[in-house]
Amino acid sequence: MRIVVIGDLQYQQGEEESVRATMRSIAALHPDLTVAMGDYGSHQSAGSEAGIKTVYDMLLECGGELRMLVGNHDLQIETGTGAGAVGSIERLVRSLCGVDSTHGVLEYAGFRLLFLSCDLQPKEQCICRQECYLTEESFQSLTQLLDARPGVPVIVFSHAPILGCGLQTVPNVHVRATNAFLDQNHNPGRWVNWIRSHPQIKLWFSAHYHLSPENPGALSRRYGVTFLGCGAPTSASRDGMHQSRMLEIAPHADSGKLAATVSIFDHDSGMPAQAAPVLVPLDPIHRPVPFQRPPAPIPTDSPSISCACNHVFRTACGKPLANGLAYRNGRLYAATDIGYLWEVDAIFGEAMGTWGLLGDNTDGLCLSENLLWRYDGNKLLVGDTGSPRRFARDPCDPEQIRYETFFPDSIIRLHPAAGGAVFVHTHGAVWLCRLEGDEIRKEGCNKALHAIPHNELRLHGGYLQVYVSQSAGWVTLMTGTPVSAYTVVANGNRSITAWVVSPGADHDLCFQNLEIHFLPLRL
């Protein structure tokens, strides 16, 4: 069986003939099934029935059977306070494709194809109009479909990828808007749990990012599943390549066992891309035991300590600021020089949103219980880390809840105080500030500036240093990449756990979780 998987079909007005030419090039591949991954039409027609019908007519030129998913932009007129007729797009797609649901499954003897569309959000639950959302009813229905044939391999198609899949995101677009993953503002973690409890899932195709299949970040393997991103074969492509994926399901030439082979078709050249095909055996259901990498040792300039990196990942973008890193309950908060204050899920290694907009400034930050305090010059701001409205999603976001106050002098640093309060050190004084209602209350105090305690960390020349004792003094950790910021998670008598962040090679942020141990002195 041959399946062509087409990413987002968004295009500029006047580009229609080019899109039709792309469909004709797909027809030359003689697909048995074409899967369109959602987000259809020109900028002017996005989310309208006319836009859907126009793209449907184009897709008919591919030949073979057609399956259309619903993307987040297809629902943008109906979602939230939109004026579109509720349910009209979903009904139209069902009618055009002749299916009972925009979700569903196609059954075959040795495999199954499972389709996940976006659902319309209830108005009272709509936090981000462009979220790639599935209702609980759809989630349960898809679970029942999976459970109906538990021993048969499954290939999944969804408009957006899931949190933790490892595919490269577009931080300035989807992460900032909080629509990078399925159910990002509701319950994104349920999809990894879903995969873990259903080992029959072998491949997962998604679109949404407009990054071509040849992009190195469009392929990932996690939890025993191969995740594949699909680009936009139109001018909406973010990297200028116009490609689709081609999936062949057939017995493998060597083993004779059923396998899925995924290649890339380049529409500009009209030829398969040179990238090596991805081969995924559709064998009896099992999950390989994940390989546990031992902590990577980090050299030091002293035998008095040892250090290892337990976890490392890259996400978000910008250059991290020296006073701009904090950690609490599995979440990292990292400020960068482009104005974004990123909130990062340290478990999945993915940025989830920003507390500031491009052009905002954050000179430093501090966590005090469930409040995130940050400062810009002489301005102090605070927000609740548990609020669903904590992220800035639009240039003028009226929903973001934040409180601010000003000081006579510039702020130097922040330190947490009891009850969610914070000590604010300015050039002229030290203040104790707390949030009361919707107002920041501040009062002067005589707290001394921060002194260096035992087992303290500091940055020196881009490297992390540990203060071991009066005799040993500062010991340098040779972390390789110069460190921009750090935050201590736990500080015991014999060890320190800390997160450090450095600028990555591709303008992303590199986060490392370090375990520092103090060694007994050998006489």
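What you see below is based on every heavy atom in this structure, not just the backbone, and it leaves out hydrogens, waters and symmetry mates.
- Proximity of Arg393 to Arg129: side-chain heavy atoms (C-beta onward) are nowhere separated by under 4.5 Å.
- Here the straight-line distance linking atom OG of Ser235 with atom OH of Tyr11 works out to 10.5 Å at 0.5 Å rounding.
- Side-chain N or O atoms of Arg2 include none that pairs as donor or acceptor with a backbone N or O of His30 at under 3.5 Å.
- Looking at Asp183 and Arg190, their side chains come closer than 4.5 Å, going by heavy atoms from C-beta outward.
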Distance-only donor-acceptor hits, side chain of residues 222-233, under 3.5 Å, sequence neighbours excluded:
from: Arg222; atom 1: NH1; to: Gly164; atom 2: O; distance (Å): 3.0
from: Tyr223; atom 1: OH; to: Gly164; atom 2: O; distance (Å): 3.1

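- There is no side-chain donor-acceptor pair under 3.5 Å between Ser117 and His159.
- The shortest distance between side-chain heavy atoms of Thr336 and Leu321 does not fall below 4.5 Å.
- Annotation: Gln44, atom CD; neighbour count of heavy atoms from other residues, nucleotides and ligands within 6.0 Å is above 12.
- In this model, a donor atom of one side chain and an acceptor atom of the other lie less than 3.5 Å apart for Asp266 and Ser269.
- For the atom pair CZ (Phe111) and CZ (Arg149), the distance works out to 9.5 Å, reported to the nearest 0.5 Å.
- Once rounded to the nearest 0.5 Å, the distance linking OG1 of Thr354 with CD of Glu343 reads 10.0 Å.
- Under 3.5 Å, the side chains of His103 and Asp119 contain a donor-acceptor pair of N or O atoms.
- Using a distance-only test at 3.5 Å, with no hydrogens or angles considered, no donor-acceptor pair links the side chain of Glu15 to the main chain of Gln13.
- No donor-acceptor pair closer than 3.5 Å links the side chain of Thr362 to the backbone N or O of Ala335.
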Side chain to side chain contact (heavy atoms under 4.5 Å, CB included) between His252 and Leu279: does it pass, once the steps are laid out? CA-CA 9 Å; His252 191 263; Leu279 177 66; 3.5 Å; yes
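- Ser237 contributes no side-chain N or O that, together with a main-chain N or O of Thr234, makes up a donor-acceptor pair within less than 3.5 Å.
- For Asp57 (side chain) and Thr54 (main-chain N/O), no donor-acceptor pair under 3.5 Å exists by modelled atom type.
- Leu9 places none of its side-chain heavy atoms less than 4.5 Å from the side chain of Asp39.
- Between Met68 atom CE and Ile6 atom CD1 the span is 10.0 Å, to the nearest 0.5 Å.
- The shortest heavy-atom contact between His267 and Ile26 is CE1-CG1, 3.6 Å.
- If you take CZ on Arg91 and OG1 on Thr102, they are separated by 12.0 Å, rounding to the nearest 0.5 Å.
- At least one side-chain heavy atom of Ile162 sits less than 4.5 Å from a side-chain heavy atom of Trp204.
- Under 3.5 Å, the side chains of Ser48 and Ser45 contain no donor-acceptor pair of N or O atoms.
- For CD of Gln125, the number of neighbouring non-hydrogen atoms (other residues, nucleotides, ligands) closer than 6.0 Å is greater than 12.
- At least one donor-acceptor pair under 3.5 Å links the side chain of Tyr40 to the backbone N or O of Ala36.
- Ser25 and Thr22 share no side-chain donor-acceptor pair at under 3.5 Å.
- Between Val501 and Pro320, the closest heavy-atom pair is CG1-CB, 3.8 Å.
- Counting only heavy atoms from C-beta outward, the side chains of Tyr108 and Leu113 approach each other to under 4.5 Å.
- Between Phe313 and His311, the ring planes are tilted. Angles from 30° to 60° get that label.
- A donor-acceptor pair under 3.5 Å links the side-chain atoms of Tyr327 to the main chain of Gly330, judged by distance alone.
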Would Asn72 and Glu131 count as a side chain to side chain contact (heavy atoms under 4.5 Å, CB included) here? Give the steps. CA-CA 6 Å; Asn72 58 306; Glu131 183 177 1; over 6 Å; no
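- Remark: the backbone N or O of Val344 is not paired with any side-chain donor or acceptor of Glu350 at under 3.5 angstrom.
- Using a 4.5 Å heavy-atom threshold, the side chains of Ile338 and Cys317 count as touching.
- Geometric assessment of Arg245 against the ring of Phe205 yields a negative cation-pi assignment under the 6.0 Å and 45° thresholds.
- Taking the six-membered ring where the residue is Trp, the centroids of Trp191 and Phe181 are separated by 6.0 Å or more.
- What you find for Leu325 and Ala334 is that their closest heavy atoms are CD1-CB, 4.0 Å.
- Residues Ser212 and Asp239 bring a donor and an acceptor atom of their side chains to less than 3.5 Å of each other.
- When every heavy atom of Cys62 is checked against every heavy atom of Met23, the shortest pair comes out as SG-SD, 3.6 Å.
- Qualifying salt bridge (charged side-chain N to carboxylate O under 4.0 Å, His left out) partners for Asp283, counting only residues two or more places apart in sequence or in other chains: Lys202.
- Between the side chains of Thr178 and Gln184, no donor-acceptor pair is found at a separation under 3.5 Å.
- Looking at Arg374 and Asn361, their side chains never bring a donor and an acceptor atom within 3.5 Å of each other.
- For Arg94, the salt bridge (charged side-chain N to carboxylate O under 4.0 Å, His left out) partners are Glu90, not counting sequence neighbours.
- Counting heavy-atom neighbours within 6.0 Å of Glu17 CD, excluding the residue itself, gives a total above 12.
- Counting only heavy atoms from C-beta outward, the side chains of Trp499 and Leu332 approach each other to under 4.5 Å.
- For the residue pair Asn179 / His174, no side-chain donor-acceptor distance below 3.5 Å is found, with atom types taken as modelled.
- Within 6.0 Å of CG in Asn193 there are more than 12 heavy atoms belonging to other residues, nucleotides or ligands.
- No donor-acceptor pair closer than 3.5 Å links the side chain of Arg67 to the backbone N or O of Thr34.
- Using modelled atom types, no side-chain atom of Asp32 and backbone atom of Met1 make a donor-acceptor pair closer than 3.5 Å.
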Test log, rule side chain to side chain contact (heavy atoms under 4.5 Å, CB included), inputs Trp355 and Tyr333: CA-CA 9 Å; Trp355 285 61; Tyr333 302 85; 4.0 Å; yes
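- Here the shortest heavy-atom pairing between Ser244 and Val4 reads CB-CG1, 4.3 Å.
- If you check the side chains of Glu136 and Gln140, you find a donor sitting under 3.5 Å from an acceptor.
- The CG atom of Leu509 lies 10.0 Å from the CZ atom of Arg314; values are rounded to the nearest 0.5 Å.
- A side-chain N or O of Asp147 and one of His198 form a donor-acceptor pair less than 3.5 Å apart.
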CA sep, side-chain torsions, deciding dist, call: Ser88, Glu49, side chain to side chain contact (heavy atoms under 4.5 Å, CB included): CA-CA 8 Å; Ser88 62; Glu49 293 190 37; 3.5 Å; yes
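- Looking at every heavy atom in both residues, Cys126 comes nearest to Thr79 through SG-CG2, 3.6 Å.
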